[in-house]
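Atoms considered below: every heavy atom in the structure, side chains included; atoms not considered: hydrogens, waters and symmetry mates. Below, chain A is the first sequence line, B the second, and so on; all start at residue 1.
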2 protein chains.
Amino acid sequence: MKQARHCFLSESGEVLARWQEAFPKAVGMRFTEAAQSRPAPTLLWVRLPQDRAVAPLLAEIRRRLGNLPCVVLSDLPDDNQALESFSAAAKGYCNTHAAAAFLRQVAEVVGQGGLWIGESLMTRLVEATARIESPPPMESSDSWAAHLTPREQEVARAIAEGASNKEIARGLGITERTVKLHVGAVLEKLGVRDRLQIALIVNGIRQSQPA
Amino acid sequence: MKQARHCFLSESGEVLARWQEAFPKAVGMRFTEAAQSRPAPTLLWVRLPQDRAVAPLLAEIRRRLGNLPCVVLSDLPDDNQALESFSAAAKGYCNTHAAAAFLRQVAEVVGQGGLWIGESLMTRLVEATARIESPPPMESSDSWAAHLTPREQEVARAIAEGASNKEIARGLGITERTVKLHVGAVLEKLGVRDRLQIALIVNGIRQSQPA
DNA sequence: AAGATAACTGTACCGAAGTACAGGTGGAAC
DNA sequence: GTTCCACCTGTACTTCGGTACAGTTATCTT
């Protein structure tokens, strides 16, 4: 990788020891004195003051320095602020006082065109979407699975995710015909008439009505 | 970095030349033959068949292989599909036929805990993420109705309860034909393919994918 | 050995769902 | 008046979902 130039922007313009440790050649700059320089930094680290909103600050910085990749550093990181930062097109978000090795990792990721999303935000995102996409890890509490064979349960879960018979067939490596067999069995065992009702039941919106 | 084990999942199980070039030790696997192996791969590359939805496919793969980091490869990349992929907790999304160096870059970023996200998509992803959880719950659960006419909303709600077209027609005192008209409009406006997806969205189990 | 159960497959049929044509009405806005 | 939009309807077509026949194979029980 080419030599990266790191520039830390903050209210005071200081360069914390950890930053220096991570990037010995890093330079610091005050927000107020930020101006075009040659050669331009490859990565901007923006230490967010407590009382400032992310979007306006980044907008101002971009006006002054041009559209460079920015990583937001927060003294008190929290997920909502992280979201704000990414909304403002930041490339990363992490703790102001993160370890040097960590900072280097972030720089690496961002330098290669990626986004650095903090562990906890990542987890939240994954969990939130997991709730949406893979409905229940806890079908245990649900009675719907009780009388279904393992295969039928797989099919029922796939239906609950919105899969078509063809997709289920491919997913399970069986023919569409066989999928229909299982679907039919699930319909009868749950006492409903179509796959939509299966989806509602598996997703916990309806209760099954045993025939 | 520890030796990474790359596994390419696709319909055919083949390993394209570029993939092999990027990761000489990569192995290929069919979706249908995917199964736990030791040692587990560190990164899964999932080549998405054109006619398959992302979420069910990844869900299926995770059921088979456990919750491993996945990068989605698309033969015809587009933003909506990418958004779907990240909603399904993929760690990256890129072109199936990307150059070897590019793939290694993606792997690097993902391996260090980052997400590989195309520039144009960042904004949309953040918005989608924000819609999913952070904002007041009411807003997100009602967003589906935003661009629907009153009549279309009635139909959408009826579908969400599992009603058939005929039942909806009776309930609203109109013909089945007209119900189909409204259903078609809802499908298009929510960007989904069938009524089951409508039900999932209205019930807050999935987010709409703006066309 | 006989029976039960789960899983799988094939051909065929029917109705529901969804789409593509092609319209007609009433109200609100310009 | 004209234009736009929501709402409504009809015929015809394709695809998908679900069911009804009729089987095979493997495993486990009695």
- Query: Of the non-hydrogen atoms in A:Ser10 and A:Arg47, which two are nearest, and what is the gap between them?
  - Reply: CB-CB, 3.8 Å
- Across the strands shown, which category fits A:Thr175 at heavy-atom distances under 4.0 angstrom: base, sugar-phosphate, nothing? sugar-phosphate
- Identify, with sequence neighbours excluded, every residue that meets ring-ring contact (aromatic ring centres under 6.0 Å, His included) alongside B:Phe23. B:His6, B:Trp45
- Task: Apply side-chain contact (heavy atoms from CB on, under 4.5 Å) to A:Leu48 and A:Gln81, showing your working.
- Result: CA-CA 10 Å; A:Leu48 195 64; A:Gln81 198 178 55; 3.2 Å; yes
- Touch check for B:Thr178, heavy atoms < 4.0 angstrom, all strands: base, sugar-phosphate only, or nothing? base
- Item | Reading 5' to 3' through nucleotides 14-30 of chain C, protein heavy-atom contacts under 4.0 Å coded B for base, S for sugar-phosphate only, - for none | --SBBBBB---------
- Task: Among B:Leu73, B:Val54, B:Leu57, B:Val71, find the residue that satisfies the side-chain contact (heavy atoms from CB on, under 4.5 Å) test when tested with B:Val46.
- Result: B:Leu57
- Task: Mind checking side chain to side chain contact (heavy atoms under 4.5 Å, CB included) for A:Arg62 and listing every partner two or more places apart, or none if nothing turns up?
- Result: A:Leu58, A:Asn67, A:Cys70, A:Ala89
- Any side-chain heavy-atom pair from B:Leu43 and B:Arg5 closer than 4.5 angstrom? no
- 5' to 3' on DNA chain D, which nucleotides open and close the contacts with chain B (atom under 4.0 Å from a heavy atom)? D:dA6 to D:dT11
- Message: With each end axis built from five pairs of C1' atoms, what bend angle do you get for the helix from C:dA1-D:dT30 to C:dC30-D:dG1? Round to 10°.
- Response: 30°
- Closest heavy-atom pair, B:Arg195 versus B:Leu187, reported as atoms and distance to 0.1 Å, is N-CD2, 4.1 Å
- Respond yes when some side-chain nitrogen or oxygen of A:His182 is under 4.0 Å from OP1 or OP2 of C:dC8, and no when none is. yes
- Task: Taking side chain to side chain contact (heavy atoms under 4.5 Å, CB included) as the test, write out the residues that go with A:Ala185, two or more places apart.
- Result: A:Glu152
- Evaluation steps, salt bridge (Lys or Arg N to Asp or Glu O under 4.0 Å), between B:Glu11 and B:Arg52: CA-CA 11 Å; B:Glu11 202 120 59; B:Arg52 294 205 58 178; 5.1 Å; no
- Any B:Leu65 side-chain heavy atom under 4.5 Å of B:Leu9 side chain: yes
